[in-house]
Amino acid sequence: MSSAHWMASSPPQDTVQETAPGNMPKSSLRLSSLPPIFISESHFKDINELHRLEDDVVETGGLLSYNLHEAKIVLTRVLSKKRITMDLRSKDCYTEEVLVVKDISVADTGTDPAAGHKAKRGKLSGEYEDGKKETEESILHEVSTDSENEDEHKPKNRSTKRKRVASSVEQDPNKAYFSNPYIKVLKWEWFTDSQKQDRVLPIEPYLLYQGQIIDKPEDPKTPGKGSSFTARTKTPQSILERARADAENDTSSPVQQRSNRKLGQIGGGRVSAPFQTTPHSKRAALLHQTTSEHDLGQSSDLPEMPPWVQNDVKYACQRSTPADPPNAAFIAQLDKIKLARLLTGDEIGVRAYSTSIAALAAYPHKLSTGREILLLPGCDAKIANLYVEFANYGKIQEAEDAENNEELKVQKLFYNIWGVGATTARDFYKEKGWRDLDDVVEYGWQTLTRVQQIGVKYYDEFLLPIPRSEVEDIAATIHKHAVKLRDAGIQSLVVGGYRRGKEHCGDVDIILSHPEESKTLNIITDIVASLEQESWITHTLLISTKTSDRGQQTLALNSSSTHGHGFDSLDKALVVWQNPHYIPSTSNPSDSKTKNTNPHRRVDIIISPWKTVGCAVMGWSGGTTFQRDLRRYVRQTYDYKFDSSGVRDRKTGDVVDVDGEAGTMEQAERNVFGALGLEFREPWERCTG
DNA sequence: TGGCCAATACTG
DNA sequence: CAGTAT
DNA sequence: GCCA
């Protein structure tokens with residue numbers, strides 16, 4: 001359709017590139033006097049749509065070009081500058097932004113979405129003087145400060161919004177633009193809108209980016225990875241890098257240790273698909289079919305299945321799941337695939353792998369055969385096949401691919417920002433075009449939410465594992481403050497990963513309660529304030545006081561009903577914690593009185609009324625799948641609704657007391673297990689992942 | 001083949 | 001309302 | 001991806 005059209009490397013204006021005789025446009029729009037046009041394919045559905053649109057442009061006499069070094073106009077659906085420059089670069093077109101566009105009058109389309117602001121990154125982690133309350137506000141101030149002082153690096157300041165000189169009538173408003181040699185990236189809508197109006201619209205409101213073509217910059221070093229921040233960062237890196245490395249090692253070590261080398265290497269035979277899903281009588285068929293040559297020889301005797309397998313017990317809360325199961329290495333591979341599902345937004349996949357993994361984690365024997373897996377709830381042919389591959393080769397291609405995928409690696413980086421989920425991580429990558437934290441800071445700082453800014457700021461520190469002893473210190477401090485604020489009747493318990501026995505914790509979760517209900521009312525606010533005052537809490541990411549609020553309302557309206565507490569959720573505060581007592585290292589006295597380098601920690605403080613504290617403890621102590629299955633179990637067997645703030649009958653809405661009488665939080669939790677017909681599981685048996 | 005993995009609060 | 005967190 |  002087009003080869004003739006875009007070859008034009010001749011001067012733009014005169015190349016009245018008439019379209020093929022046949023297709024005269026219905027529109028009278030003529031673009032033939034404009035410079036060559038390039039259409040960026042980003043965000044177009046498929047190549048066909050792109051071709052169609054190219055045809056549209058050609059029909060108007062537009063001079064299509066595929067060479068960015070001759071095109072002066074680029075039409076795109078991408079909106080962010082960052083992404084635009086990336087697109088250009090991918091076509092081997094390196095540019096430098098030119099901010100001032102033309103000499104005469106620059107219209108002020110106050111809405112220009114691309115009036116880019118680049119927040120200077122500069123001070124990231126660890127760079128802030130702690131001073132006292134370096135609260136959220138201070139961050140925001142820093143932000144705005146940064147962004148104001150900045151933006152100056154281009155000689156011509158950006159959109160110094162000059163008022164339009166109402167350049168009269170039909171002077172060509174584009175002329176001043178096309179008199180310069182810069183490449184102009186316009187919103188695609190410029191074309192479609194022009195089509196609609198049958199005239200060449202001023203490009204100005206659609207101008208996203210204007211760039212001057214420069215030589216391909218040398219990149220002598222591209223440190224790329226190793227640290228979340230690239231060399232651009234001023235922050236001293238050694239600590240951060242080590243920190244990150246530690247964190248990563250920690251994640252993989254307990255799992256990877258268990259070697260699988262004994263398993264592999266059965267012949268060189270390729271494992272194609274030993275287990276296949278067949279619509280009917282799938283399982284039976286599978287059990288007899290296949291496997292003979294793939295099951296590593298030890299074909300016949302399977303170990304005796306644990307009771308929960310034999311009895312079709314499928315909820316993770318009904319079985320024991322240790323932290324270091326025999327098949328941890330295999331599970332680690334599945335975790336990689338699961339992460340890929342997570343990052344790509346495949347929630348169903350995440351769910352499925354979580355279930356499979358939980359079952360495998362509860363399985364007490366080292367797997368010997370793919371067939372075994374088929375017996376486990378939540379596991380079927382896919383998982384069995386993955387196991388066979390793992391057994392034969394010691395690795396799983398799909399997992400390796402996921403792990404090495406550049407795009408996923410970057411998205412994972414973003415996902416690890418507190419306050420950034422999979423969707424946003426993908427958005428950062430795909431739409432914004434960011435590739436590392438520097439990009440986030442530099443190009444998007446002001447678009448981040450407050451908590452995301454905090455998440456970025458302490459990115460590395462939040463990834464650091466917290467030793468148990470420090471968890472205990474933090475808990476003791478919180479407990480102490482609670483007692484001070486109320487009385488010695490306060491009880492507290494560290495839950496989360498700590499309670500499950502993890503050596504290193506990702507955060508600290510602590511539940512506070514008091515046998516007297518009135519003593520927990522509004523205590524969350526008081527505790528945060530008190531801890532803030534003593535500088536333990538540096539930021540409050542989120543505080544939820546709904547229960548207390550409701551309590552007060554109920555009390556106000558109905559002063560007689562002290563027990564009318566409809567529990568919905570627990571009061572809680574998610575905060576950033578830092579030990580304010582910095583002990584300067586003797587070896588490095590230079591930073592002695594300089595700054596507190598104690599790492600910032602994520603701490604969740606949860607308040608529970610005593611009468612539901614068992615539910616709170618239970619709801620906060622298990623692994624994710626344990627909790628999920630607990631809710632499913634409770635729904636399925638009783639049609640109740642389990643919540644960390646209590647249990648209710650789904651039909652009547654009535655509160656069901658599962659807590660019973662208890663003197664301690666642990667006892668209360670045991671009561672809940674019993675009341676729900678569950679065998680008690682120690683916290684360290686709830687490591688479902 | 002469709003449903004599933006819960007439930008709730010806060011933020012922008 | 002979508003997104004994220006617990 | 002598993003299951004009813």
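Predicted model only: the values in this text are computed from it and were never measured. Lettering of chains follows the sequences in order, A, B, ..., and the numbering in each one begins at 1.
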Given side chains that start at C-beta, do those of A/I357 and A/S354 come closer than 4.5 Å, heavy atoms only?
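Not touching, per the 4.5 Å side-chain cut-off.
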Side-chain contact, heavy-atom cut-off 4.5 Å: A/T355 with A/T625?
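The answer is no; the side chains never approach within 4.5 Å.
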For the residue pair A/T344 and A/D346, confirm or rule out a side-chain donor-acceptor distance under 3.5 Å.
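The answer is no; no qualifying pair exists.
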Indicate whether the side chain of A/D401 and that of A/Q397 have a donor and an acceptor atom separated by less than 3.5 Å.
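Yes, a side-chain donor-acceptor pair sits under 3.5 Å.
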Reckon [X] has a side-chain N or O less than 4.0 Å from the OP1 or OP2 of [N]?
X	N	answer
A/K338	D/dG1	no
A/R632	B/dC5	yes
A/R635	B/dA7	yes

What is the distance, to the nearest angstrom, from the [atom1] atom on [X] to the [atom2] atom on [N]?
X	N	atom1	atom2	answer
A/K314	B/dC5	NZ	P	10 Å
A/I348	B/dG3	CD1	C1'	8 Å
A/I454	B/dC10	CD1	C1'	14 Å
A/R650	B/dT8	CZ	P	8 Å
A/F642	B/dT8	CZ	P	12 Å
A/E347	D/dC2	CD	P	18 Å
A/D629	B/dC4	CG	P	15 Å
A/R351	B/dC5	CZ	P	7 Å

Nucleotides 3-6 of chain C: which of its N/O atoms have a protein N/O under 3.5 Å away?
| from | atom 1 | to | atom 2 | distance (Å) |
| --- | --- | --- | --- | --- |
| C/dG3 | O3' | A/T424 | OG1 | 3.1 |
| C/dT4 | OP1 | A/G421 | N | 2.9 |
| C/dT4 | OP1 | A/G421 | O | 3.3 |
| C/dT4 | OP1 | A/T424 | N | 2.8 |
| C/dT4 | OP1 | A/T424 | OG1 | 2.4 |
| C/dT4 | OP2 | A/T423 | OG1 | 3.2 |
| C/dA5 | OP1 | A/G419 | N | 2.9 |
| C/dA5 | OP1 | A/V420 | N | 3.3 |
| C/dA5 | OP1 | A/V420 | O | 3.3 |
| C/dT6 | OP1 | A/W418 | NE1 | 3.3 |
| C/dT6 | OP1 | A/R602 | NH2 | 3.2 |
| C/dT6 | O3' | A/D604 | OD2 | 3.4 |

Looking only at the side chain of [X] (C-beta and beyond, no hydrogens), which of the listed nucleotides [options] gets closest?
X	options	answer
A/D380	D/dG1, B/dG12, D/dC3	D/dC3
A/R631	B/dA9, B/dA7, D/dG1	B/dA7
A/S544	B/dA9, B/dC5, B/dA7	B/dA9
A/D643	D/dG1, B/dC5, B/dT8	B/dT8

Pairing string, 5' to 3', for DNA chain B - Watson-Crick or wobble contacts under 3.5 Å, brackets [ ] where pairs cross, | to another strand:
||||...|||||
Below 30° counts as parallel, above 60° as perpendicular, anything between as tilted: where do the rings of A/Y387 and A/F330 land?
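If you compare the ring of A/Y387 with that of A/F330, the planes turn out perpendicular.
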Looking at A/D507 and A/R601, is any side-chain nitrogen of the basic one under 4.0 Å from a carboxylate oxygen of the acidic one?
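Salt bridge absent between A/R601 and A/D507.
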Heavy atoms only, 4.0 Å cut-off, all strands: where does A/I383 land among base, sugar-phosphate and nothing?
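Sugar-phosphate: the residue A/I383, judged by heavy atoms under 4.0 Å, touches backbone atoms but no base.
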Which is true for A/T355 with a 4.0 Å heavy-atom rule: it touches a base, it touches only sugar-phosphate, or it touches nothing?
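No contact.
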If the condition is side chain to side chain contact (heavy atoms under 4.5 Å, CB included), which residues does A/C317 pass it with, not counting sequence neighbours?
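A/C317: side chain to side chain contact (heavy atoms under 4.5 Å, CB included) contacts with A/Y315, A/F626, A/L630, A/Y633, A/L678.
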Applying salt bridge (Lys or Arg N to Asp or Glu O under 4.0 Å), run through A/K314 and A/D312 and close with a yes or a no.
CA-CA 6 Å; A/K314 47 190 170 191; A/D312 258 338; over 6 Å; no
Provide the distance between the two P atoms, one in B/dC5 and one in D/dA4, to the nearest whole Å.
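About 11 Å, rounded to a whole number of Å.
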How far does the P atom of B/dC4 sit from the matching atom of C/dT6, given to the nearest Å?
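Looking at atom P only, B/dC4 and C/dT6 are 26 Å apart.
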Evaluate the criterion salt bridge (Lys or Arg N to Asp or Glu O under 4.0 Å) for residue pair A/E407 and A/K430; output intermediate values, then yes/no.
CA-CA 9 Å; A/E407 177 170 343; A/K430 298 175 102 100; 3.3 Å; yes
Assess whether atom CD of A/E347 is packed by more than 12 heavy atoms of other residues, nucleotides or ligands within 6.0 Å.
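Open: at most 12 neighbouring heavy atoms sit under 6.0 Å from CD of A/E347.
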